[in-house]
2 protein chains.
Amino acid sequence: MKIAVDAMGGDYAPGVVIEGLALTVQEYPDYDFVLVGHSDKVRFYLEKYGLADNPHISVVHAESVCEMSDLSAVALRSKKDSSITVCVKLLKEGKVDAMVTPGHTGATVAATKVLLRTLPGVDRPALAANMPSQTGRFLLMDAGANPDCTVLNLEQFAIMGEIYAQYLFKKDNPSIGLLSVGGEDVKGCELTKEAFKCMERLPINFVGNVEADTIFEGRADVLISDGFAGNVLLKGAEGLAKSTFVWLKRVLSKNALRIIWAMLAQNVFRELKAFGDADSVGGAPLLGINGICIIGHGSSNPKAVLNAIRVAAECVHFKLNEKIVSGIAAANEANRKRTAEETGK
Amino acid sequence: MKIAVDAMGGDYAPGVVIEGLALTVQEYPDYDFVLVGHSDKVRFYLEKYGLADNPHISVVHAESVCEMSDLSAVALRSKKDSSITVCVKLLKEGKVDAMVTPGHTGATVAATKVLLRTLPGVDRPALAANMPSQTGRFLLMDAGANPDCTVLNLEQFAIMGEIYAQYLFKKDNPSIGLLSVGGEDVKGCELTKEAFKCMERLPINFVGNVEADTIFEGRADVLISDGFAGNVLLKGAEGLAKSTFVWLKRVLSKNALRIIWAMLAQNVFRELKAFGDADSVGGAPLLGINGICIIGHGSSNPKAVLNAIRVAAECVHFKLNEKIVSGIAAANEANRKRTAEETGK
């Protein structure tokens, strides 16, 4: 197992990434890692975390970094030697089994789409975000890779989502819902109304339309959406969660008694925050790309880096992409047959 | 001032609506009200709340009720004598100045669109939801009236939203943002990318793309969206807020100390909940419809009913619809001129 890690990705790179790698080598001493980034900076932190002489870690220099403020397409064109692009190239050349970046989602999507392409039969990749619900967690996909989607895209997201959820939630038959604006079959926008009919015909555990409020009650294991509405749901939830803690702080600093009370309750708030904790999740895979690519949160901490690497390795072991290829092929074949039959009539 | 109130709307009708009306007549003793609903039930609650002999309250019988589980279009066709439809007819016939319903949003949108039509020059109405942010509140529109929108629709929502925000937030020049999946101008889906260019040319305080996380920090006074993504943001926020309290309850019932601690903190939680409180807001107007129509939350309490009626009366006083007609006319004229110039070139 050899994994490329983008050392320059995220808000606290490269320190936090290498600190995360230090945790990882303890847990997975047999894995090999290729750290991609500015070699001087990377070596400084390898020294710092006692990894300088680790035989399982090699460094590949990348001259530039995709900053969070960079536009994806511009970053791809003008920063051909960015740490993200170098990771993607290593993956393309078969020099690593998977890549992990806590970096720029848009730039990673752009680089993988252009350099790696999608898996055979897959039209568009989808970012599968792992989100909390009252009963556990659910996968939201697409969480933002494709702002505009077709019915075929949503159908393929459902197939890929089912396979990833089988690994992630250890369920044979995970439930798949379609994000919509009403629970009834006929509700939604033109895209979801058409997608509903197609998803009903798929050999999946389709539970129909799911509204954005009931998904947090655990209505489905996988929630299918175009990347625009999916990103709105993801970012909206992140924003509201942050604001809730701001509001909580505001009511808790109203008087001295409350301030003392809040100090006593630090553990409670920590546990509450843990429900939304992205660090234990590690990262979101970009499903449908011809290579295992896990994208972490920009604010990943060392634990998040470890978990993102763990997810990457597990996806390789699970043979995720082989399963996606055969799942998509079967669906495409069924679609082809149905179209032929319908045309025959 | 004469306002039609749908007595049968919402989860706790008609009791809660008439209890709300009892609060309202104390605050606005000069207003007249037409209570629409099953007259026996309505009169029972008028007795109960001491309103049976109030000369400002009349009752109009409506045989049926749009249940929350009814489909909008079906409800409109098959329940022609529903309390919502009767309210809309009173408004159409000029017998009342405004209507308020804590009922079925979809059925109200359908009934007003068909019976009242939109204001001159307005293509589609938009539901303007009032939501909390760290710095105050913002208007989200469309919150769900139109799952599929055109660029023209979004442009008109911006104009209507500016006018409503001038009344609601008492700001001359409220900021208008466009809900998108990236802060930069070029980010978004095809619809928002095109809408961005059009909104830049409008005579409004356009602050560009706003992501679903930063809107809760107070990035804009008005957030423009199609009704699909808007509804996802609204419902997602409602669902996450509910789940957050479920999670909070879970961590607070872990041991005896925490249970006592939580009991002492009831006020804190009440104040925290108040940030998301829809009751003080009352209801969301359906902007662009040829008549003042305020739609309350299905779970409205008496205070929410009072506030919805207050909003309705204030919209009438503010001459909201006259302002919308002239705002839209000016924008349409500017668009026509620009198109003529561009074609002339």
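Chain A is the first sequence line, chain B the second, and so forth, proteins listed ahead of strands; every chain is numbered from 1.
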Task: Of all pairs that satisfy ring-ring contact (aromatic ring centres under 6.0 Å, His included), the ones with a partner from residues 135-154 of chain A, not counting sequence neighbours - done: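 ring-ring contact (aromatic ring centres under 6.0 Å, His included) check on residues 135-154 of chain A returns A:F138-A:F216.
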[X] versus chain B, heavy atoms under 4.5 Å apart: side chain, backbone, both or neither?
{"X": "A:N267", "value": "both"}
{"X": "A:V246", "value": "side chain"}
{"X": "A:T192", "value": "side chain"}
{"X": "A:Q134", "value": "both"}

Open item on the list: To check you understand the geometry: which heavy-atom pair defines the closest contact between B:W247 and A:L272, and what is its length?
Closed with: CB-CD1, 3.7 Å
TODO: Sequence neighbours left out, what passes side chain to side chain donor-acceptor pair (under 3.5 Å) with A:E217? Give chain and number order.
DONE: none
Task: By side chain to side chain donor-acceptor pair (under 3.5 Å) - contacts of A:D11 (at least two apart) - done: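 Scan of A:D11 (side chain to side chain donor-acceptor pair (under 3.5 Å), adjacent residues dropped) gives none.
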Task: Separation of A:N231 CG from B:K187 NZ (nearest 0.5 Å) - done: 9.0 Å
Open item on the list: To the nearest 0.5 Å, what is the distance between CZ on A:F245 and OG1 on B:T244?
Closed with: 7.5 Å
Open item on the list: Within residues 248-258 of chain B, which residues come under 4.5 Å of chain A, heavy atom to heavy atom?
Closed with: B:L248, B:R250, B:V251, B:L252, B:K254, B:R258
Task: Heavy-atom proximity to chain A below 4.5 Å, by part of B:E211 - done: side chain
